[in-house]
Amino acid sequence: MPRPIQATVHAGALRHNLARLREAAPGARLWAVVKADAYGHGIERAFDGLRSADGFALLDLQEAERVRQLGWRGPILLLEGVFEPRDLELCSRLNLWHAVHCDAQIDWLATHKTHQPHRVFLKMNSGMNRLGFAPERYRAAYARLAALPQVDEISLITHFADADGERGVAAAWDVFTRTTDGLAGERSVCNSAAALRFGQDAALRGDWVRPGIATYGSSPDYPAHDAAHWGLRPTMTLSAQLLAVNTLAAGERIGYGGLFTAERPMRVGIVACGYADGYPRVAPTGTPVLVDGVRTRTLGRVSMDMLAVDLNPVPQAQRGSEVTLWGVASNGASLSIDEVARSAGTVGYELMTALARRVPVVVE
Ligand SMILES: *Cc1c(COP(=O)(O)O)cnc(C)c1O
């Protein structure tokens, strides 16, 4: 028997979340963002649940090849564009659309030999200060691209730094609309947070929205709003089993460093999941977990292959009992990945994408 740990990708939940996002941004076309191997779900595993999208957005050219191998003939967008000139050959061959965020990428296009002109997404830096042309240089970059025979369509794109936060998108949206005023081309500005919060605004949602995290059932603005508030369902469950049940006397400790001390006699379960499976090592005592679908807490330090849980709320639990680290238990109870992430001082994005290769994954 393989080690009793497994991740499940819920295809129905992926479909549901995409439908939810379409409602949130009605009329916009929708990229399913599948970078980071579909946020840790696996592109091949998530594909069926995501095929109602209008296109796939990702970073890696190899990921783009995989999407084409799955038979997808629709749009694919490289969100960071190409990384070196010869990547453009693959764009031509696979008909990939690509972001253009810097002068070098325009230089490469200008010398690229192609029979089929490219569609590019010209990226503006609207305050994130990662990638993109500054607003004052944007129109010059647009003019350069428009003059190239290698380019047949230019779309306009920016990425909000604070769509999930209190500052919101007002300043970035203002600079984007002012700078792009009168320029021809489709617009794409909304990530998950912007699509859910502002997608009812026809101008702001633009022609294409680019939700990633919400597609995968995690709330982009947790804890202000949870996934249920946004009508999103979990798309990944991480579950394991109890390998052992121990009884601790008052005063006994558990795990490396003895970080947790039993105050009273208690039953403790040892779970076949550790940080080498992608469970965060920094998750402290008290991080929520389900045993037999009953909510309880972790105890002490997470080790590489195991962690400990408090069985006092689950007296019937025994070796082999189901443990749900996040997602949905067999009895239908669910534990939000956002809540686990928050306890560990991080976000659902990081937990999903950190799911380790050694964990077997099934699609349901
Ligand atoms: C990752 C990414 C997205 C999706 O962001 P979420 O917060 O996961 O919705 C959208 N656009 C770009 C450019 C990205 O890199």
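These numbers come from a predicted model, not from an experiment. In listed order, ligands and their atoms are each counted from 1.
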(request) Using the six-membered ring of W31, assess whether NZ or CZ of R210 lies under 6.0 Å from its centre and within 45 degrees of the ring axis. (result) no

(request) Give a yes or no on this: more than 12 heavy atoms of other residues, nucleotides or ligands lie within 6.0 Å of atom CD of Q316. (result) yes

Would you list the atom pairs, donor with acceptor, under 3.5 Å between side chains in residues 340-349 and any protein atom, with sequence neighbours excluded?
| from | atom 1 | to | atom 2 | distance (Å) |
| --- | --- | --- | --- | --- |
| S343 | OG | T287 | OG1 | 2.7 |
| T346 | OG1 | E350 | OE1 | 2.3 |

(request) Give the cluster check for L14 versus L355: same hydrophobic cluster or not, with ILVMFWY residues linked at side-chain heavy-atom distances below 4.5 Å. (result) yes

(request) Taking the six-membered ring for Trp and the single ring otherwise, decide whether the centroids of Y39 and Y216 are under 6.0 Å apart. (result) yes

Within the protein, flag every N or O under 3.5 Å from an N or O of ligand 1, and note the pair and distance.
| from | atom 1 | to | atom 2 | distance (Å) |
| --- | --- | --- | --- | --- |
| ligand 1 | 7 (O) | Y349 | OH | 2.6 |
| ligand 1 | 8 (O) | Y39 | OH | 2.5 |
| ligand 1 | 8 (O) | I213 | N | 2.8 |
| ligand 1 | 9 (O) | S192 | N | 2.8 |
| ligand 1 | 9 (O) | S192 | OG | 2.5 |
| ligand 1 | 9 (O) | G212 | N | 2.8 |
| ligand 1 | 11 (N) | H159 | ND1 | 3.4 |
| ligand 1 | 11 (N) | R210 | NE | 2.9 |
| ligand 1 | 15 (O) | K35 | NZ | 2.7 |

(message) Regarding R66 and D37, does a basic nitrogen lie under 4.0 Å from an acidic carboxylate oxygen?
(response) yes

